*Asks:* 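I am attaching a structure below and will ask some questions about it afterwards.
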Amino acid sequence: MPDSTDVIVVGAGLAGLVAATELTNAGRHVRVLEQEPEQSLGGQAFWSFGGLFFVDSPEQRRMGVHDSHALALADWMGTAAFDRPEDHWPRRWAEAYVDFAAGEKRAWLHAMGMRWFPVVGWAERGGYGAIGHGNSVPRFHVTWGTGPGVLEPFVRRAGEAVAKGLLRFDFRHRVDELIVENGAVVGVRGTRLVDDAAARGKPSSRAAAGDFEQRAQAVIVASGGIGGNQALVRQNWPARLGTPPAHMLCGVPAHVDGRMLGISETAGAHLINRDRMWHYVEGIENWDPIWPMHAIRILPGPSSLWFDATGKRLPGPLWPGFDTLGTLEYLRHTGHDYSWFVLDQSIIRREFALSGSEQNPDLTGKSWRQVAKRAIGKHAPAPVEAFKQHGRDFVVRDTLEELVAGMNALAGNALLDAAQLRREIEARDRQFDNPYSKDSQVMAIHNARRYRGDRLVRVAKPHRLLDPSHGPLIAVRLNILTRKTLGGLETDLQARVLGHDGQPLPGLYAAGEAAGFGGGGLHGYRSLEGSFLGGCLFSGRIAGRAAAAAVA
């Protein structure tokens, strides 16, 4: 006889943990099935920087930021640019999520012990006008403890539920089929994989050790997206972004394979907006990799000069930190898979952060002493300096001519002309002779420094790039890295998965990236950042509570 329980949750990432703990909080019995080993509990969220999107938070107000629900909703809708008939539920989810971010989200998490770094970051700054893409104000709240700090309350709650006998984790259980009987999802079948001691994030064995079948009154799919499966990324690559890159790095582990999306679709689920995706253009190859093609994303301040592979400066507002997908679209039409940052030591010290919990040991380890070191001395944070020394995408030289020669040598071509780059850089440097400028990027730098947080810890004091006192000069080759799936399983506001007829598929729910973070794509075409973890929290909470009510 197959095992049975109240609810099965497929996936032990953040969304799955939230759903499972909401279910057990309501007294339901839950099985969490996860294809990876126990040491990978928490999934991608463990590796994240821990950024969360809040609206009108105490942290914002202390930084002098005046935010509001109306402003955040306008920013979200201008960024999402919903324009399809199937955007009905994504739009409803977007409205509900902004309500949540401006309402009980922070209090809910704070009550569980979560805290945030006091300086709020300003991601995706836009630059197209008040109606278009971008955050009008800083909203990126870094969790104290980064990704592990986001996971901790839910891992703790899950442990308490296990002790009470309400929750069981079945690791190395890969779901291969949703069982559908009389039009309803009633369980799962799959493969038990052999035990594997692979470290967190490392590829694990797919060798089979047997089969399993489990029954339940409801199944919640919280299995993530497709970012670790480059074949699926290329298959779904949108024509609006040009052709898929021949060379891409991976910003997520290989187990982010998208299998459950196809399995759910086979069972009758409606998968929408598969061509909407979120990939970064500031990827550098990890010199100490954990998973295949492991990329780290630079979280840049606004001062680095950005050039395409031929040495042409990117047009405004495609400056560092302003429009991720707009920059991706522009670069895909250059015919090259990489671009360049050109900067100096003063800029890298102040403006370079690296995404990921392991790249921020001070924040991850909750050490104020280590955090304080970011503000003193001439060196960048230790992980950034390590990349500058060991990373294959970094070129460090004393003169511009030497720098360009090193850039060409790294790229294996002669596309860059030192005289052309010198003209661009010297022209830009002259714009700093006055506190005003006609150069839009320089205007953006001055605007950034009007924000207290940027002036204190994020944006370098304006200076001439070719001033040797700010050297050495640094070039960074930037690669495209895969990251998030913005489309997914279509769900209503109770996280019930819809079929092709627009009606809920009985017994099936979805949360997290598998549901496009809610509805099948609550971000629309673009993200305001800080909203991926938040989407997992929000949709996992809704799915868990809705399934708990349905099986009562």
Side-chain angles (χ1 to χ4, degrees), residues 49 51-83 90-91 93-103 105-106 116-142 278 280 299-303 315-329 351 353 436-437 439-459 486 517 522-535 538:
F49 197 33
L52 292 177
F53 180 94
F54 295 133
V55 178
D56 192 27
S57 70
E59 290 79 14
Q60 286 176 299
R61 293 193 292 271
R62 282 193 290 268
M63 284 284 104
V65 174
H66 302 284
D67 201 4
S68 69
H69 176 274
L71 182 61
L73 184 61
D75 284 351
W76 193 288
M77 292 303 173
T79 292
F82 294 121
D83 63 355
R91 184 189 297 272
W93 271 84
E95 292 167 347
Y97 179 69
V98 174
D99 290 347
F100 181 60
K105 177 183 177 183
R106 186 185 181 283
W116 298 276
F117 189 63
V119 178
V120 182
W122 196 353
E124 291 296 298
R125 303 184 187 210
Y128 298 98
I131 293 178
H133 167 66
N135 283 295
S136 298
V137 298
R139 296 191 177 105
F140 190 87
H141 297 67
V142 177
W278 186 258
Y280 291 109
L299 302 174
S303 301
L318 306 183
W319 311 304
F322 279 73
D323 180 5
T324 293
L325 287 198
T327 307
L328 175 59
E329 179 180 356
E351 298 195 8
Y436 34 85
S437 171
D439 186 294
S440 297
Q441 184 178 3
V442 175
M443 294 180 198
I445 293 168
H446 289 312
N447 186 51
R449 285 182 60 84
R450 293 175 61 195
Y451 166 49
R452 187 183 309 157
D454 277 351
R455 188 173 66 254
L456 287 173
V457 299
R458 193 69 173 111
V459 180
L486 297 188
F517 303 94
L522 63 76
H523 294 94
Y525 286 95
R526 282 179 167 95
S527 169
L528 286 173
E529 289 281 34
S531 49
F532 297 130
L533 293 174
F538 184 53

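Computed from a predicted model, the values in this text were never measured in an experiment. All residue numbers refer to positions in the sequence shown, counting from 1.
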*Asks:* Sequence neighbours left out, what passes side chain to side chain contact (heavy atoms under 4.5 Å, CB included) with A444? Give chain and number order.
*Replies:* W319, F322

*Asks:* What do the steps show when you test H141 against S57 for side-chain hydrogen bond (donor to acceptor under 3.5 Å, both in side chains), and what is the final call?
*Replies:* CA-CA 9 Å; H141 297 67; S57 70; 2.6 Å; yes

*Asks:* I'd like to know if the side chain of R61 reaches the main chain of H66, judged simply by a donor and an acceptor atom lying under 3.5 Å from each other, with no hydrogens or angles considered.
*Replies:* no

*Asks:* Give a yes or no answer on whether the side chain of E329 reaches the backbone of L325 with a donor-acceptor pair at less than 3.5 Å.
*Replies:* no

*Asks:* Distance from N447 atom CG to S440 atom OG, nearest 0.5 Å?
*Replies:* 12.0 Å

*Asks:* From R139 CZ over to D56 CG, what is the distance, rounded to the nearest 0.5 angstrom?
*Replies:* 10.0 Å

*Asks:* For residues P118 and R62, determine if any side-chain heavy atom of one lies less than 4.5 Å from a side-chain heavy atom of the other.
*Replies:* no

*Asks:* Can you find a heavy atom in the side chain of V119 that is under 4.5 Å from one in the side chain of L456?
*Replies:* no

*Asks:* Compare all side-chain heavy atoms of R91 with those of M77 and state whether any distance is below 4.5 angstrom.
*Replies:* yes

*Asks:* Return the CZ to CZ distance between F538 and F100, rounded to the nearest 0.5 Å.
*Replies:* 6.5 Å

*Asks:* L52 and G534: which non-hydrogen atoms are nearest, and at how many Å?
*Replies:* CD2-N, 3.8 Å

*Asks:* What closest approach, in Å, do G134 and T79 show between heavy atoms, and which atom pair accounts for it?
*Replies:* N-OG1, 2.9 Å

*Asks:* Heavy atoms, side chains only, cut-off 4.5 Å: are W122 and D454 in contact?
*Replies:* yes

*Asks:* If you look at every heavy atom in H133 and R526, which pair is closest and at what distance?
*Replies:* ND1-CD, 3.4 Å

*Asks:* Is E59 salt-bridged to R106, going by a charged N under 4.0 Å from an acidic O?
*Replies:* yes

*Asks:* Check the angle between the aromatic planes of W116 and F54 and answer parallel, tilted or perpendicular using the 30° and 60° thresholds.
*Replies:* perpendicular

*Asks:* Measure the CG-OG1 distance between L318 and T324 for me, rounded to the nearest 0.5 Å.
*Replies:* 10.5 Å

*Asks:* Taking Y451 as the fixed residue, which of V459, V137, V120 is the one that meets the side chain to side chain contact (heavy atoms under 4.5 Å, CB included) rule?
*Replies:* V120

*Asks:* Measure from the side-chain N and O atoms of N135 to the backbone N and O of A123, and report whether any donor-acceptor pair falls under 3.5 Å.
*Replies:* yes

*Asks:* So, do R458 and P302 sit near enough that their side-chain heavy atoms are less than 4.5 Å apart?
*Replies:* no

*Asks:* Could you tell me which non-hydrogen atom of V55 sits nearest to which non-hydrogen atom of A72, and how far apart they are?
*Replies:* CG2-CB, 3.6 Å

*Asks:* Could you give me the CA-CA distance, side-chain angles and deciding distance for H523 and W76, then say whether side chain to side chain contact (heavy atoms under 4.5 Å, CB included) is met?
*Replies:* CA-CA 8 Å; H523 294 94; W76 193 288; 3.9 Å; yes

*Asks:* Would a line drawn from the ring center of F517 to the ring center of W93 be shorter than 6.0 Å?
*Replies:* no

*Asks:* Please give me the minimum heavy-atom distance between L486 and F532, naming the atom from each residue.
*Replies:* CD2-CE2, 3.7 Å

*Asks:* D99 and H69: side-chain donor and acceptor closer than 3.5 Å?
*Replies:* yes

*Asks:* Please give me the minimum heavy-atom distance between W278 and E124, naming the atom from each residue.
*Replies:* CH2-OE1, 3.7 Å

*Asks:* Nearest 0.5 Å please: distance from the CZ atom of R449 over to the NE2 atom of H446.
*Replies:* 9.5 Å

